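Let me begin by presenting the structure, written as structure tokens, before commenting on it.
In the text below, chain A, chain B and the rest are named by the order of the sequence lines, each starting its count at 1. As the structure is a computational prediction, the values presented were derived from the model and not from experiment. All heavy atoms count here, side chains included; hydrogens, waters and symmetry mates do not.
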Amino acid sequence: MPTQFDPPSGTRDFLAAEYEKREWAFGVLRSVFASYGFEPLQTPAFERLDVLLGKYGEDADKLVFKILRRGEHEASGEADLALRYDMTVPLARVAAAYGSQLPTPYKRYAIGPVWRADRPGRGRFREFVQCDLDILGSPSTLADAEVLAAHHDAMIGLGLTDFTILLNSRQVLSGLLEVFGVPPQLGSGVLISLDKLDKLSPDEVTAELAGRGLPGTIADDLVTAMTATDAEDRIRAALKDSEVGQAGVDEVDRLLALVAGQIPATRIAFTPRMVRGLSYYTGPIWELAAAGVPGSVGSGGRYDHLIAQLGGPDVAATGTSIGIERVLMLLAGDQAAGRGRLDVAVTVLGDDLAADSFALASAGRAAGLRAGVYLGGSGKLGKQIKWASDNGARWCLIYGHAERATGEVTVRDLTSGEQQQVPAGEVGGYLAARAGDRSA
RNA sequence: GUGGGCGUAGCUCAGUUGGCAGAGCGCCAGGUUGUGGUCCUGGAUGUCGAGGGUUCAAAUCCCUUCGUCCACCCCA
């Protein structure tokens with residue numbers, strides 16, 4: 001097939017099987033979030049350009065899909081609107097617009113497509129669904145714990161158990177830089193390099209740190225402490241010398257204690273080396289890793305002043321983002337089986353019988369089943385039964401002149417091949433009585 | 001944005017030194033005119049991603065372009 005009929009790169013068509021799998025997953029998320037008392041929020045697919053630009057820096061601005069001005073201004077080539085880039089900026093706008101009308105704290109979830117003018121790759125799209133869970137207005141660690149627990153439960157609800165939550169804190173990272181004597185101006189660069197410890201060897205990271213201008217002995221000490229088998233103990237001990245660092249450790253421990261009843265200890269761990277690249281986090285940070293998926297399958301943290309930076313009120317905030325597209329990749333085989341399109345397939349064995357066939361299908365629907373009549377051009381019964389079978393129907397209702405003469409319908413069970421004559425008026429009840437026997 | 005791989009039937013892919021466009025699966029028809037799945041027989045697949053060049057001759061070699069995949073970067 002010519003490639004011009006593929007959807008634009010980085011976008012996808014979802015035919016029935018995949019669509020249903022996705023809808024199932026979104027439904028699981030909605031129900032888990034609702035069970036925690038989070039409420040839904042839906043905002044427009046596009047926002048005013050000035051609402052979106054300049055929020056995350058120039059690099060992010062380049063990834064915003066802009067919408068040209070229309071009408072007489074179109075020739076100007078300027079844009080005044082843009083497709084949303086994430087769910088957080090719209091959240092800030094909503095907080096600014098409806099502030100006092102929103103509950104406090106405001107616990108909301110948002111599931112919907114976002115767009116990025118990015119280069120697509122594996123697990124990376126230009127149009128993808130983002131699923132965010134946030135709490136505005138609570139500075140409490142309880143809020144972080146609730147978000148984290150809900151995220152964990154959502155993953156479990158989706159059938160995922162083989163994942164790990166890497167937990168750290170901004171204060172821990174600040175403390176590390178302090179106790180190891182990293183010059184303040186090198187801080188963010190050093191953290192970016194340390195984040196690569198899960199991909200690069202300790203030596204490579206040490207070299208990269210030196211390349212950033214960090215004195216060799218400091219780089220060495222830092223990498224050694226982070227990668228030792230007893231790294232966590234070493235870091236904990238070292239941070240005792242830092243007020244901010246110790247505060248970070250205390251908060252991480254508090255968070256671990258709060259979620260201990262819901263998240264098994266094997267699935268969550270204090271991970272001092274984990275650094276979230278984004279600079280707006282102000283407290284605990286976390287990332288979910290799963291085997292077989294590039295990057296993370298979710299991440300979040302506390303971001304206390306971001307909402308104000310994005311144009312909203314200056315409220316405490318914490319939240320998490322479920323990497324649903326990547327989670328769906330892990331679910332590839334499981335939920336995709338599909339259960340067919342019909343429960344009841346009705347033959348049409350002649351133009352003069354079609355109206356009765358329609359009525360039979362209607363009776364099937366009234367019995368709570370999915371029912372359809374044969375729309376093809378073949379009058380052959382064999383073709384029609386094959387059609388019924390191809391559509392996954394459990395029953396084929398055979399209704400020809402012989403049946404009409406006796407006022408009965410031949411009900412063929414396509415699983416067993418057994419057939420039974422049923423009075424036409426009782427077909428609905430007959431099917432309803434047997435529909436519960438075996439789940440679809 | 002940098003480097004590399006790959007674009008052939010609906011799908012997964014073969015295709016030798018340039019020499020008639022192939023297989024499996026799926027699809028259609030028949031065997032069986034009122035009985036699907038299994039089986040047997042037969043049939044159709046097509047802009048060889050697109051454009052240009054070399055050649056008697058190009059899926060094959062060269063150039064360009066588009067798409068796609070992998071690594072780096074960045075993210076979800």
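Under the salt bridge (Lys or Arg N to Asp or Glu O under 4.0 Å) criterion, A/Asp118 pairs with A/Arg124, sequence neighbours left out. Legend: residues meeting side-chain hydrogen bond (donor to acceptor under 3.5 Å, both in side chains) with A/Arg12, ordered by chain and number and at least two apart, are A/Glu325. The side-chain hydrogen bond (donor to acceptor under 3.5 Å, both in side chains) search around A/Lys386 returns A/Asp390, not counting sequence neighbours. When the side-chain hydrogen bond (donor to acceptor under 3.5 Å, both in side chains) test is applied to A/Thr320, the partners found at least two apart in sequence or on another chain are A/His151, A/Trp286.
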Carefully, step by step, assess A/Leu328 and A/Glu18 under the rule side chain to side chain contact (heavy atoms under 4.5 Å, CB included). CA-CA 10 Å; A/Leu328 283 164; A/Glu18 203 169 354; over 6 Å; no

List the steps, then state whether side chain to side chain contact (heavy atoms under 4.5 Å, CB included) holds for A/Leu431 with A/Val411. CA-CA 9 Å; A/Leu431 296 174; A/Val411 178; 4.2 Å; yes

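With salt bridges taken as basic N to acidic carboxylate O contacts below 4.0 Å, one links A/Arg212 and A/Glu208. A salt bridge links A/Arg108 with A/Asp134; the closest basic N to acidic carboxylate O contact falls under 4.0 Å.
Rounded to the nearest Å, the gap between the C1' atom of B/G7 and that of B/U65 is 13 Å. Spacing of P atoms, B/U8 relative to B/C69, comes out at 14 Å, to the nearest Å. When the P atom is used for both B/G18 and B/A23, the distance is 24 Å, rounded to whole Å. Across the P atoms, B/G43 and B/G22 are found 14 Å apart, a figure rounded to whole Å. Between B/G31 and B/U38, the distance separating the two C1' atoms is 14 Å to the nearest Å. The gap from the P atom of B/G5 to that of B/A9 amounts to 22 Å, rounded to the nearest Å. Comparing the same atom, P, in B/C74 and in B/U55 gives a spacing of 50 Å after rounding to whole Å. When the P atom is used for both B/A57 and B/G53, the distance is 12 Å, rounded to whole Å.
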Heavy-atom contacts, protein to nucleotides 68-73 of chain B, under 4.0 Å, summarised as B (base), S (sugar-phosphate only) or - (none) per nt, yield S-S--B

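If you check every strand for non-hydrogen atoms under 4.0 Å, A/Gln384 touches nothing. Nucleic acid contact for A/Gly298: sugar-phosphate only, since backbone atoms but no base atoms lie under 4.0 Å from a heavy atom of the residue.
Screening residues 395-404 of chain A for side chain to side chain donor-acceptor pair (under 3.5 Å), with sequence neighbours left out, gives A/Asp352-A/His401, A/Asp352-A/Arg404, A/Asp356-A/Tyr399, A/Glu403-A/Thr410. Legend: salt bridge (charged side-chain N to carboxylate O under 4.0 Å, His left out) pairs involving residues 150-167 of chain A, not counting sequence neighbours: none detected. Residue pairs meeting the salt bridge (charged side-chain N to carboxylate O under 4.0 Å, His left out) criterion with at least one member in residues 136-146 of chain A, sequence neighbours excluded, are A/Lys107-A/Glu146, A/Asp144-A/Arg302.
Near RNA chain B, defined here as any heavy-atom distance below 4.0 Å, the residues from residues 397-405 of chain A are A/Ile398, A/Gly400, A/His401, A/Ala402, A/Glu403, listed numerically.
Judged by distance alone, the side chain of A/Asn168 and the main-chain N or O of A/Pro272 form a donor-acceptor pair under 3.5 Å. At distances below 3.5 Å, at least one donor-acceptor pair connects side-chain atoms of A/Asn391 with backbone N or O atoms of A/Trp387. Looking only at distances, no side-chain donor or acceptor of A/Ser389 sits under 3.5 Å from a matching main-chain atom of A/Ile385.
The two residues A/Arg267 and A/Thr161 have their closest heavy-atom pair at NH1-O, 3.2 Å.
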Got a list of protein N/O to nucleotides 38-41 of chain B N/O distances below 3.5 Å?
none

Protein N or O to nucleotides 25-30 of chain B N or O, pairs below 3.5 Å:
| unit_1 | atom_1 | unit_2 | atom_2 | d |
| --- | --- | --- | --- | --- |
| B/A29 | OP2 | A/Lys383 | NZ | 3.1 |
| B/G30 | OP1 | A/Lys380 | NZ | 2.8 |
| B/G30 | OP2 | A/Lys380 | NZ | 3.3 |

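Interface remark: the A/Arg326 side chain does form a donor-acceptor pair with the B/C75 base, using a distance-only criterion of under 3.5 Å.
The strand RNA chain B forms stems, runs of 3 or more Watson-Crick or G-U wobble pairs with distances below 3.5 Å, at B:1-7 with B:66-72, B:10-13 with B:22-25, B:27-31 with B:39-43, B:49-53 with B:61-65.
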